[in-house]
Asker: 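Before anything else, here's the structure in question.
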Number of protein chains: 2
Amino acid sequence: MGERHEHAGWARHARGVADSVGRRSGGARTAIVDELAALGCCASPQELHDRLRAEGRSVGIASVYRVLDELSGLGLVQRVDLGDGVARFEPIELTGEHHHHLVCVGCGAIEPFDDPELERAIDRAAGRTAFAVDGHDVVLRGHCSDCAA
Amino acid sequence: MGERHEHAGWARHARGVADSVGRRSGGARTAIVDELAALGCCASPQELHDRLRAEGRSVGIASVYRVLDELSGLGLVQRVDLGDGVARFEPIELTGEHHHHLVCVGCGAIEPFDDPELERAIDRAAGRTAFAVDGHDVVLRGHCSDCAA
DNA sequence: ATACGTGCAAAGTATTTGCAAACGG
DNA sequence: CCGTTTGCAAATACTTTGCACGTAT
């Protein structure tokens with residue numbers, strides 16, 4: 001498939017997990033999993049729907065929401081909130097590695113970044129709380145190099 | 001720890017800033033600023049509206065949204081997204097100190113925490129990106145002590 | 001007096017749900 | 001065949017906007 005299978009492994013994994021919990025594989029979920037796998041970063045349900053439509057793999061918007069919710073429940077995708085009231089989703093890597101997001105307050109650009117030292121600091125901070133923390137999100141806001149000018 | 005005047009200073013400051021940019025002081029904004037100041041942590045527009053109503057200081061829900069948007073634009077309140085699709089807001093301290101949030105995936109409890117070491121790590125991480133970062137949000141998810149049992 | 005603030009209701013979005021038809025096993 | 005998945009449309013939830021009226025300055 002043209003999509004450079006950046007996350008082909010993830011797509012296979014996702015299908016495997018869905019199968020293993022007895023989910024049948026219909027066209028909508030197949031298409032959505034492919035689309036998510038081809039994603040560079042997070043996308044909103046509407047964006048996914050538009051992309052699918054553009055590829056001729058039309059899927060009802062309701063199915064996009066349903067499948068995302070389902071994948072989310074299976075721990076296969078993660079919801080990302082960037083502060084603009086639109087929910088976005090992205091695959092959770094099998095390897096456990098994950099990134100966070102930079103948001104440009106000027107142009108709205110979204111860029112992923114990862115930083116091992118930050119991850120360690122978060123783990124340490126989590127250990128100091130009274131919660132049994134098992135997940136986290138970080139959003140950094142500012143101006144991208146273009147908008148800073 | 002009732003509502004005392006935990007953030008009485010903030011309320012005064014907020015009014016001062018609003019005045020200084022030529023905003024007239026009507027009943028809605030006064031009530032909303034007081035309510036925000038009495039808040040332990042963040043609250044959604046609907047929660048603020050309900051609390052105000054419970055206190056007999058009824059305010060239209062539209063005014064709640066409008067005032068929050070205005071205060072947000074003045075840098076007096078901050079929007080917080082906890083991942084459940086509901087926007088929440090809280091005062092920004094004059095001192096610049098700020099906290100982040102712990103969310104219990106079991107019962108939905110929200111608890112603030114702050115961690116200076118984490119702040120420093122975030123600043124360092126921000127410096128390694130290509131953005132001119134000037135703000136950030138962190139959400140830690142897990143189980144609170146009650147739900148962990 | 002006059003311009004700004006507010007409440008109400010209507011209009012917009014974003015997301016969820018009910019249901020009949022299509023489909024996979 | 002039979003139960004799951006899907007698409008459509010209606011329903012809901014959340015937020016914004018239009019407008020007439022009240023109110024601070």
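By convention in this document, chain letters (A, B, ...) are assigned in the order of the sequence lines, proteins followed by strands, and residues within each chain are numbered from 1.
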Asker: Output the rounded distance in Å from CG (A:Asp69) to P (C:dT15).
Answerer: 12 Å

Asker: Does a side-chain heavy-atom distance below 4.5 Å link B:Glu90 with B:Cys41?
Answerer: yes

Asker: If I take atom CZ in residue B:Arg57 and atom C1' in nucleotide C:dT6, what distance separates them, rounded to the nearest angstrom?
Answerer: 15 Å

Asker: Within the structure shown, what part of the strands sits under 4.0 Å from B:Gly22 by heavy-atom distance: base, sugar-phosphate, or nothing?
Answerer: nothing

Asker: Does a side chain donor of either A:His98 or A:Gln78 reach within less than 3.5 Å of an acceptor in the other side chain?
Answerer: no

Asker: What is the distance, to the nearest angstrom, from the CD atom on B:Glu70 to the P atom on C:dT6?
Answerer: 8 Å

Asker: Could you state the CD1-C1' distance from B:Ile61 to D:dT16, rounded to the nearest angstrom?
Answerer: 12 Å

Asker: Round to a whole Å and report the spacing from CD of B:Gln46 to C1' of D:dA13.
Answerer: 10 Å

Asker: With heavy atoms under 4.0 Å as the rule, sort B:Ser58 into base, sugar-phosphate or nothing.
Answerer: sugar-phosphate

Asker: Can you establish whether the number of heavy atoms outside A:Arg128 located under 6.0 Å from its atom CZ is more than 12?
Answerer: yes

Asker: Ignoring the backbone of A:Val59, work out which of D:dT25, D:dG7, C:dT15 is nearest its side chain.
Answerer: D:dG7

Asker: Select from B:Ala62 and B:Ser25 the residue whose nearest nucleotide in DNA chain C is closer to the 5' end of that strand.
Answerer: B:Ser25

Asker: When you measure from the side chain of B:Val86, which nucleotide among C:dT16, D:dC14, C:dC8 comes out closest?
Answerer: D:dC14

Asker: Write down the distance between CG (A:Asp84) and P (C:dT13), rounded to a whole number of angstrom.
Answerer: 15 Å

Asker: Which residue lies toward the 5' end of DNA chain D, B:Gly85 or B:Asp19, if each is placed at its nearest nucleotide?
Answerer: B:Gly85

Asker: Classify the side-chain pair A:Glu35/A:His49 by whether it contains a donor and acceptor separated by less than 3.5 Å.
Answerer: no

Asker: Counting only heavy atoms not in B:Arg53, do more than 12 sit closer than 6.0 Å to its CZ atom?
Answerer: no

Asker: B:Leu82 CG to D:dC14 P: how many Å, rounded?
Answerer: 15 Å

Asker: Whole-Å distance between C:dA14 C1' and A:Leu48 CG?
Answerer: 15 Å

Asker: Between the base of C:dG24 and the side chain of A:Arg23, is there a donor and acceptor pair under 3.5 angstrom?
Answerer: no

Asker: Which listed nucleotide (C:dG7, C:dG5, D:dT15) is nearest to the side chain of B:Ala28?
Answerer: C:dG7

Asker: Is the phosphate of C:dT16, meaning OP1 or OP2, less than 4.0 Å from a side-chain N or O of A:Tyr65?
Answerer: no

Asker: What nucleotide, of C:dG5, C:dT15, D:dT6, holds the atom closest to the side chain of B:Arg29?
Answerer: C:dG5

Asker: Any donor-acceptor pair under 3.5 Å joining the side chain of A:Arg24 to the base of D:dG3?
Answerer: yes

